[in-house]
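Working notes for the structure below.
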Amino acid sequence: MKGDALVDVEQQNELLLVKLNRPDKRNAVNEELLLCLEAVFSAVPTGIKCAVLHSEGPHFSAGLDLNELKERDLIDGMQHSRTWHRALDQIQFGPVPVVAVLRGACIGGGLEIAAACHIRVAEQGTFYALPEGQRGIFVGGGASVRLPKLMGMARMADMMFTGRMLTADEGLTLGLSQYITPPDAGLAKGIELARKIAQNTPMTNYALMHILPRITDSAHAEGLLLESLTVAMAQSLPEAKQRLTAFLDGKAPKAFQ
Ligand code: 1HE
């Protein structure tokens with residue numbers, strides 16, 4: 001998917017760079033763009049170990065394409081929200097970790113897409129908002145499930161009750177992003193992080209993507225049991241044994257290197 005596609009994809013060795021590519025509409029997400037995103041993350045080529053989701057133009061995404069709301073009845077609205085859930089679950093629970101690189105507006109559905117990624121890097125100048133409250137609607141792309149886990153329910157509710165906008169610095173403090181960079185340095189940072197992630201064992205990345213969220217959603221006893229199963233599986237794999245032996249032989253970097 002190249003050129004004027006709404007989602008542009010570029011392979012860089014073990015990394016997949018996925019770009020929201022509708023800058024004239026501030027990367028507002030219409031049905032076509034959403035389905036493109038789902039298709040890309042459903043067909044990650046073999047050999048790819050990590051993806052970076054970034055954007056063309058000065059804004060990550062202005063959220064849902066509001067033109068599409070005008071004609072929708074109740075059942076259409078329900079199905080449309082479920083399409084968002086499917087597409088964003090494909091990002092969160094797909095085959096590879098995804099690093100989001102944010103800039104400018106990260107609004108509504110744009111923030112929902114960012115929240116489905118595994119790590120968020122925000123450039124200075126990024127701003128976050130959930131104008132759904134002001135528009136008389138509600139979040140529909142999974143924000144009510146994902147955002148309270150990142151920033152807490154009260155903060156998310158505040159953003160919707162009051163239309164409060166958060167700056168990049170506030171987003172970093174509150175957990176919306178894990179990294180902040182100068183303007184225009186986000187993609188380089190995202191790629192640097194993705195290269196690091198790509199060096200992990202597949203089991204570690206799988207556990208972080210697919211098991212940790214289940215543990216977090218579990219009751220105490222079930223969570224601990226899942227953790228034990230995961231560590232036992234991971235440590236029994238040859239690639240873990242090699243890494244442990246390398247450390248004990250003084251051939252692996254220390255924790256702080
Ligand atoms: C759009 C959209 C959009 C821009 N749907 N067309 N999201 C919002 O409520 C955010 C609405 N957007 C904005 O507040 C601003 O556009 C921005 C702050 C992001 C950028 O401002 P600016 O001055 O750079 O651009 P602009 O002039 O406002 O917009 C440029 C064009 O993009 C313009 O179209 P044009 O044909 O007149 O050039 C805008 O109409 C268009 N555009 N944002 C449709 N959102 C799963 S449910 C999720 C629910 C939500 O996401 S609600 C939040 C919706």
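Given the structure is predicted, the values throughout are model-derived calculations rather than measurements. In each ligand, atom 1 is the first atom listed, and ligand 1 is the first ligand listed. The figures here come from the full heavy-atom set of this structure, side chains too, leaving out hydrogens, waters and symmetry mates.
- Only side-chain heavy atoms of A28 come within less than 4.0 Å of ligand 1; its backbone N, CA, C and O stay farther off.
- Closest heavy-atom contact between A198 and K49: O-CD, 3.4 Å.
- Atom CD1 of I107 is separated from atom OH of Y128 by 12.0 Å, given to the nearest 0.5 angstrom.
- S42 contributes a side-chain N or O that, together with a main-chain N or O of E38, makes up a donor-acceptor pair within less than 3.5 Å.
- Separation of atoms CG (L130) and CG (L111) is listed at 5.5 Å; rounding is to 0.5 Å.
- Looking at E112 against ligand 1, only its side chain comes within 4.0 Å, counting heavy atoms.
- The closest non-hydrogen atom to atom 25 (O) of ligand 1, taken over R22, H59, R26, comes from R26.
- Separation of atoms CD (E123) and SG (C106) is listed at 12.0 Å; rounding is to 0.5 Å.
- Residue contacts with ligand 1 for D24 involve N, CA, C or O but no side-chain atom from C-beta outward (heavy atoms, distance under 4.0 Å).
- Distances shorter than 4.0 angstrom do not occur between any heavy atom of V139 and any atom of ligand 1.
- Of the protein's heavy atoms, A62 CB, 4.0 Å lies nearest to atom 12 (N) of ligand 1.
- Ring orientation note: the planes of F93 and H210 are tilted relative to one another, at an angle of 30° to 60°.
- For atom 7 (N) of ligand 1, the nearest protein heavy atom lies closer than 4.0 Å.
- Nearest residue to atom 45 (N) of ligand 1 from L64, L88, N27 is L64 (criterion: closest heavy atom).
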